[in-house]
Amino acid sequence: MDFQAVEEKWRKKWLESGLWKSKAVEGKPKFFIHFAYPGVSGFLHVGHMRGYSYADMIARYKRMTGFNVFFPVGVHASGNQAIGFAKKVNQGDEKWINYLKANGASDEEIEKMKEVDFVVRYFMNKYKEYWELFGFLADWDSLACTVFPDYNKFIQWQFRKLKDKGLLVKKPYVAPFCPNCGPVAIDPSETDISKGGNAEKQEFTVLKFDTGKGYYLVAATLRPETVFGQTNLWVRPDVEYVKARVGNEVWVCSKECVEKLKLQREDVEDTGERVKGEELIGLKVIAPGAERKIIVLPSEFVDPDFGTGIVTSVPSDAPYDYQALMDLKKNKELLDRYGLREEVEALEIIPIIRSKEWGETPAKKICEEMGIRDQNDPKLEEATKVIYKAGFHTGVMNENCGEYAGMKVEQAKEMVKQKLIQEGKADVMYDLSEEVICRCGARVLLKKTPDQWFIKYSDKEWTEESKKHARIMNILPEEYYKNMPGVLDWFQDRACARLGNWLGTKLPFDERWTIEPISDSTLYPAFYVVSRFVNTGKLQLDELTDEFFDYVFLGKGSAEKPVWEEVKKEFEYWYPVDINLGGKEHKTVHFPVYVMNHVAILKPEHWPKGIFVNWFVTGKGGKISKSKGGASASPQEAAAKYSVDALRFYYAHVASPFVDIEWREGIVTDYKKHVENLVSTVEKLSSFNGVDFGIDEWMNARLDKHLREYHEFMNEYDFRKAINSVFFDLLKDLQYYEKRGGNSRKTAERVIEVLLKTMAPFTPFVCEELWQRTGHDGLISASEIPTPEAVNEEALEREEIVKRVEEGINNIMKITRVKPSKITLFVAPEWKRKALVKALELGSPKQVMSLMEEFKEHKAAAKFLQFVSKKYHELRKPLSFDGELKALEEAKDYFEKTFNAEVVVMNAGESGHEKALNAVPGKPAILLE
RNA sequence: GCAGGGGUAGCCAAGCGGCCAACGGCGCCAGGUUCAGGGCCUGGUCCCUUAGUGGGUUCGAGGGUUCAAAUCCCUUCCCCUGCACCA
């Protein structure tokens, strides 16, 4: 079969059919599903298609089981990604342009991508193409984009609602900031930045050391509790330090530090005075907390770009300090130059914290253990981490730490810091743990915004209400359901808007601010209903007033135009959302705010009903990155290579949606074979032309069983199990059916119907094609999946007996290497059945042997009851003697043909043969001769 | 650190109190198929035993609950993910 041609054909037919269009139908059950729309972030790869495909599968299944389905899609373009892309094209960034070309962008398109608007439209259309390629029956009329004016109006309405409810607050905030681009996000995927994705914002305690000369030396530390062990200060002799006015004090620190401080507080001013590090050496200053005079010493490891450029030395607990001190003590020449020999030689380590593992002078211990060479040894970084961690969790403050003596470091840390700040001996500053460079090339620093807008997710009542609702939601997987209340509790206020030039919606009451990408994507499923009306020209942009949204979403006011009424009806029909599907990356970001915003703004009957979280497709050893990903994992290439059906089949079946899967070409190839197998199976079935006989009863019972299981599993969205039943198990059954001589046309037709319809949600193209080829009219996608008849359990059990006998004969033949000419099957006599039933009624194997009394007249009674007792939990109520006999008699021809031997069936009770005693109800004894 | 998830046979991966020596796939072994193009089918794949429905040792490690544990509880080791102006 030419899969690509078939796909093309049905894509077109589906589009023409309008099956994807959604309209409220009074009285018909509805199903609203969507996935968290992708951000404009480059081309997608096969990994992204996994989750999206799940949404389409569910939508298709629901559509084929009597639901009216709404499956809208959208694109998220807020933020600065598209801006960045346009900038790259403008700059002629070769890497980026090659990437665009490799993914099929034409020269004209690339030229046009100098415009941000075009970038957005280009990728939006691209994403839509992927979805169409994969056969989605999505409501294309509802397509929404977060930077389009209609969407903006909706978001502005939403933010006015939040503000009215007092859920927007302003407070100071410190965040990464680029001097050119404004606020940036630091995350490992490095969307906004080009370097430093793993940097963390750290809060330093700035210790102020009084020089007695009208200015302070300042040192930043992450370990304020170690102030008691300070022995000296470190400065770099070659660095020129700055005297800066901070409030009404004068601080001495590095130039870089002044720049950072300026971003974090308003009262910083460079006095223009400079002081060389050298000049500070030998100075005596008062160490805050320790309250004693310590000396300023030279060192090499101090980085003017980190902290304040001056370091307080705690050689007991800081490996760098310890090593620098040791180095200095050895360096007589240097000491003599500064005339510090005596004082430095007299410096002693002051133990202040003790821990089980590292004792009282951890820095010394670890430096010795790790064999640190000198203060420039890179291993010091690691040593510092180890000691910091151990000290923080297991450390206890020593007696020489005043009121903190005996206290755990974990506790003391914060208390010491607070006290120092209170007493005016310390302050706070923020710095990044490593260098961060913006996409534009500038250095990213931390900046304080005094009046940052936040959404007040910390609100107690709101959180509680949301948690309460989450409990009645259908959240998959189960672990996430259990986790959701915790996530909602953990979710604190979120900065929701940023200054500067970003794509997105302006805050309606303060247009300097652009709403940040997460915050403008919380209530948007509601907007899909509206966007359909806008896209089809039934609503004009200027009609999207607050009154309109109030009326449609909240039922407030009255319809100014008839179309308002219509939109409202649609909204009320489709809402709430049945499933919001998204990747696991949304677990602690999008989903909680999605729930909370619904709870805050909409009526309870419109709060979301379900969340479905899917995991990723990874490359070898990591994520397939869409920005770095090659064309090999592109949806188009994969589709051409394996067929879309094979890919969808792969997603649905290869593993649970709730685990990561590794993209392996060989595995996908297997699924392509399975699709081919589906085709050939249906072709074969079409040629069946016989009539029903015994085995058809079994085949039909199996079909019913598979159908029943299929629907059960699909209701839990367990695609893998559903497919196992209705595809893999069914094909096995079919093989067996043929082996047993089945060839009924009627049965074959039923198999075809069940197979194609149940598989249609997963492999829609090939099912549609085969449906047509087997002479059916209409779209299979628009048909109903059959529901099962009552399963004929007895027919199933009869065949199980036949299978057991066949297996038994094979076993015995193999072991004995006997090729029998006569096979005798001994059917367990009636009394054994009676005994078995009675035993099962006892409910436990314990008392089984007490039945001995009743059956003692039978020679095999003891042996049989022992067997029953032992296998108690495996045994089930047996078929009647006649039923078993019938099964074997019917299969007699089959056995004779298979084993080429005479087959005799008889009542074990009427045979004197020793083997006959082994007969068990449902499992005849076998004699080969 | 805080929060969450996980460790199952050579590998991937189901199972989550009895029907489990443990689904399925890959790999490997044997056999079949007038079979040559990343085929298909049958059987085997922890050890032993055997005219089949039997025994022993397994599900990171160590304890415990139970008539019964891969499955529940405790302790312990190891791995992964998230931690917020990122979608």
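Labels below follow one simple rule: chain letters A, B, ... track the order of the sequence lines, proteins then strands, and each chain is numbered from 1.
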Give the intermediate values and the outcome of side chain to side chain contact (heavy atoms under 4.5 Å, CB included) for residues S656(A) and F719(A). CA-CA 8 Å; S656(A) 147; F719(A) 312 126; over 6 Å; no

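Taking the ring axis of Y736(A) as reference, the NZ or CZ atom of K803(A) stays within 45° of it and closer than 6.0 Å to the ring centre.
Of the candidate nucleotides G15(B), G54(B), C85(B), C85(B) has the atom nearest to the side chain of Q452(A). Considering only the side chain of Q735(A), U42(B) comes nearest among A14(B), G52(B), U42(B). Checking G52(B), A84(B), A87(B) against every side-chain atom of F491(A), the shortest atom distance belongs to A84(B). Nearest nucleotide to the R494(A) side chain, out of C12(B), C85(B), G15(B): C85(B). If you check G38(B), U53(B), A84(B) against the side chain of Q492(A), the one that comes closest is A84(B). Side-chain proximity of A175(A) to the nucleotides A51(B), C85(B), A87(B) is greatest for C85(B). Nearest to the side chain of I812(A), among G38(B), A51(B), A3(B), sits A51(B). Closest to the Y173(A) side chain, of the nucleotides G52(B), C85(B), G38(B), is C85(B). For P517(A), counting side-chain heavy atoms from C-beta on, the closest listed nucleotide (A84(B), A14(B), A87(B)) is A87(B). The nucleotide whose nearest atom lies closest to any side-chain atom of V589(A) is, among G24(B), G15(B), A87(B), A87(B).
Atom NZ of K877(A) is surrounded by 12 or fewer heavy atoms from other residues, nucleotides or ligands within 6.0 Å. Annotation for K705(A): atom NZ does not count as buried by contact number, only 12 or fewer foreign heavy atoms lying within 6.0 Å.
The shortest distance between the side-chain N/O atoms of K673(A) and the OP1/OP2 oxygens of G39(B) is below 4.0 Å.
Straight-line distance from the OH atom of Y594(A) to the P atom of A84(B): 25 Å, rounded to whole Å. The CH2-P distance, from W453(A) to A84(B), rounds to 24 Å in whole Å. Nucleotide C80(B) holds its P atom 21 Å from the CD1 atom of I661(A), rounded to whole Å. For the pair N80(A) CG and C85(B) P, the interatomic distance rounds to 14 Å; values are reported in whole Å. Distance, I926(A) CD1 to A51(B) C1': 9 Å, rounded to whole Å.
Between F3(A) and Y642(A), the gap from one ring centroid to the other reaches at least 6.0 Å. Aromatic ring centres of Y594(A) and H590(A): separated by under 6.0 Å.
In this structure, W490(A) forms an aromatic stack with the base of A84(B), since both conditions hold: centre separation below 5.5 Å and plane angle below 30°.
Between the side chains of N580(A) and H34(A), at least one donor-acceptor pair of N or O atoms lies under 3.5 Å.
Using the six-membered ring where Trp is involved, Y173(A) and F454(A) have ring planes that are perpendicular, over 60° apart on the 30 and 60° scheme.
For the P atoms, the distance from U49(B) to G60(B) is 29 Å, rounded to whole Å. Comparing the P positions of G15(B) and U53(B) gives a spacing of 30 Å, expressed to the nearest Å. To the nearest whole angstrom, the two P atoms, one in U81(B) and one in C72(B), are 25 Å apart. Taking the P atom of each, C83(B) and A14(B) are spaced 25 Å apart, rounded to whole Å. Look at the P atom in both A22(B) and G55(B): the space between them is 13 Å, to the nearest Å. Spacing between A70(B) and C23(B) at atom C1', rounded to whole Å, works out to 14 Å. One C1' atom belongs to G38(B), the other to G27(B), and the distance between them is 15 Å to the nearest Å. Taking the P atoms as reference points, G25(B) lies 27 Å from A61(B), given to the whole Å.
Remark: G1(B) base-pairs with C83(B); criterion is Watson-Crick or G-U wobble with both hydrogen-bond distances under 3.5 Å. Across all strands shown, U50(B) remains unpaired; no Watson-Crick or G-U wobble contact has both distances below 3.5 Å. Pair assignment for C23(B) gives none, since no Watson-Crick or G-U wobble pairing has each distance under 3.5 Å. Nucleotide U75(B) forms a Watson-Crick or G-U wobble pair with A61(B), both donor-acceptor distances falling under 3.5 Å. With a cut-off of 3.5 Å on both Watson-Crick or G-U wobble distances, the partner of A9(B) is given as none. Applying the Watson-Crick and G-U wobble criteria (two distances, each under 3.5 Å), C28(B) pairs with G44(B). Base-pair partner of A14(B): not found among the strands shown (Watson-Crick or G-U wobble, both distances under 3.5 Å).
At a cut-off of 3.5 angstrom, counting only N and O atoms as typed in the model, there is a donor on one side and an acceptor on the other between the side-chain of N918(A) and the base of U53(B).
Where K201(A) and A919(A) each meet RNA chain B at their nearest nucleotide, the meeting point lying more 5' is that of A919(A). Both K587(A) and E807(A) sit near RNA chain B, but only K587(A) has its closest nucleotide nearer the 5' end.
Across all strands, A925(A) comes closer than 4.0 Å to base atoms (heavy-atom distances). Across all strands shown, V184(A) has heavy atoms under 4.0 Å from sugar-phosphate atoms exclusively, and none from any base. Heavy atoms of G808(A) sit under 4.0 angstrom from at least one base atom. Contacts of I809(A) with the nucleic acid, taken as non-hydrogen atoms under 4.0 Å apart, are absent. P592(A) comes within contact range of no nucleotide atom at all, as no heavy-atom separation falls under 4.0 Å.
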